[in-house]
Amino acid sequence: MKLCIYPGTFDPFTNGHLDVLQRAAKLFARVRVAVAIDSTKTPLFTPAQRVALIKANLRGLPHVDVTSFDGLLVDFARRQKACAIIRGLRALSDFEFEFNMALMNRHLQPKVETLFVMPNEAYSYTSSSLVKQIAKLGGDVSKFVPPNVATALRDTFRRTQGK
Ligand code: COA
């Protein structure tokens, strides 16, 4: 049973992430979405919130689960006995960062392969930080994120802005 890990900060999970996940789910017997606790970013949502927001979008994907992880991604992948890490490549601009990370991860753990999939081009300009910026300023993000994520963004910004 080949397991692949789909890691990310997922702050928040977008339709683009879902598209990558659905593609990975067609290729692997099991897929584990891994929410990074130790991200270099300052996330809006806690790891538990991010995990819950992703879990609610797994209908029709019984072989996919979601968890959070701490520390090095390759160590987590080895502990899970995963054979691969999957990442999405939206555009050429993603390439340099992803290429460096894949090579560094290979150096740290040669037994875990990184594979890239291209999400639908409709998502090539979607990013978690743009979505957050739009939601914070009261814009409509319903085309870019699943409905539960749009609601969570609205509620979170209403609370933090005291509306
Ligand atoms: N659709 C839409 N957006 C996408 C996307 C897709 N298919 N793929 C990536 N993105 C966007 C995200 O929205 C996000 O946008 P933002 O930066 O504007 O917020 C950005 O691309 C990347 O975010 P995400 O996909 O959540 O992943 P990440 O790059 O934050 O994840 C980790 C990085 C967690 C995988 C990496 O930091 C890691 O492995 N950390 C653990 C520690 C470690 O091992 N470090 C050594 C690494 S060599």
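Note that the coordinates shown come from a computational prediction; the quantities given were computed from them, not determined experimentally. Whatever order the structure lists ligands and atoms in, that order sets their numbers, starting from 1.
The protein heavy-atom contact nearest to atom 15 (O) of ligand 1 is Ser128 N, 3.4 Å. In terms of protein heavy atoms, atom 34 (C) of ligand 1 is closest to Ala36 CB, 3.4 Å. Nearest protein heavy-atom neighbour of atom 20 (C) of ligand 1: Lys41 NZ, 3.9 Å.
Considering backbone and side-chain atoms together, Arg87 places an N or O closer than 3.5 Å to an N or O of ligand 1. An N or O contact shorter than 3.5 Å is missing between Asn105 and ligand 1 by distance. Close N/O approach between His17 and ligand 1 is found [any backbone or side-chain N/O within under 3.5 Å]. Geometrically, ligand 1 and Pro7 share no nitrogen or oxygen pair separated by less than 3.5 Å.
For the ligand labelled ligand 1, residue Gly71 lies inside the 4.0 Å heavy-atom shell.
Residue-ligand proximity, Thr9 to ligand 1, at heavy-atom distances under 4.0 Å covers atoms 24 (P), 26 (O), 27 (O), 28 (P), 30 (O), 31 (O). Listed by atom number, the atoms of ligand 1 under 4.0 Å from Met101 heavy atoms are 36 (C), 47 (C), 48 (S). Taking every heavy atom of Phe10 and a limit of under 4.0 angstrom, the matching atoms of ligand 1 come to 26 (O). Listed by number with element, the atoms of ligand 1 under 4.0 Å from a non-hydrogen atom of Met104 are 48 (S). Numbered from 1 in the order shown, with element, the atoms of ligand 1 that lie under 4.0 Å from a heavy atom of Leu73 read 39 (O), 43 (C), 44 (O). Close contacts of ligand 1 with Thr14, meaning ligand atoms under 4.0 Å from a residue heavy atom, involve 1 (N), 2 (C), 3 (N).
A side-chain donor from one of Ser142 and Asp140 sits under 3.5 Å from a side-chain acceptor of the other.
Of the heavy atoms in Pro119, only side-chain atoms (C-beta onward) come closer than 4.0 Å to ligand 1. With a 4.0 Å cut-off on non-hydrogen atoms, Arg90 touches ligand 1 through its side chain and not its backbone. Heavy atoms from both the backbone and the side chain of Ser129 come within less than 4.0 Å of ligand 1. Residue-level proximity to ligand 1 for Val20 is carried by the side chain, the only part with a heavy atom below 4.0 angstrom.
Put simply, the side chain of Arg79 reaches to within 4.5 Å of the side chain of Asp75, judged on heavy atoms. Here the side chains of His17 and Ser128 are in contact, with some heavy-atom distance below 4.5 Å.
Using bins of under 30°, 30° to 60° and over 60° for the plane-to-plane angle, the ring pair Tyr6/Phe10 lands in the perpendicular bin.
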Step by step, work out the salt bridge (Lys or Arg N to Asp or Glu O under 4.0 Å) result for Arg90 and Glu121.
CA-CA 7 Å; Arg90 288 165 298 171; Glu121 62 270 24; over 6 Å; no

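For residues 45-88, every residue pair satisfying the ring-ring contact (aromatic ring centres under 6.0 Å, His included) rule, not counting sequence neighbours, is listed here: Phe69-Phe76.
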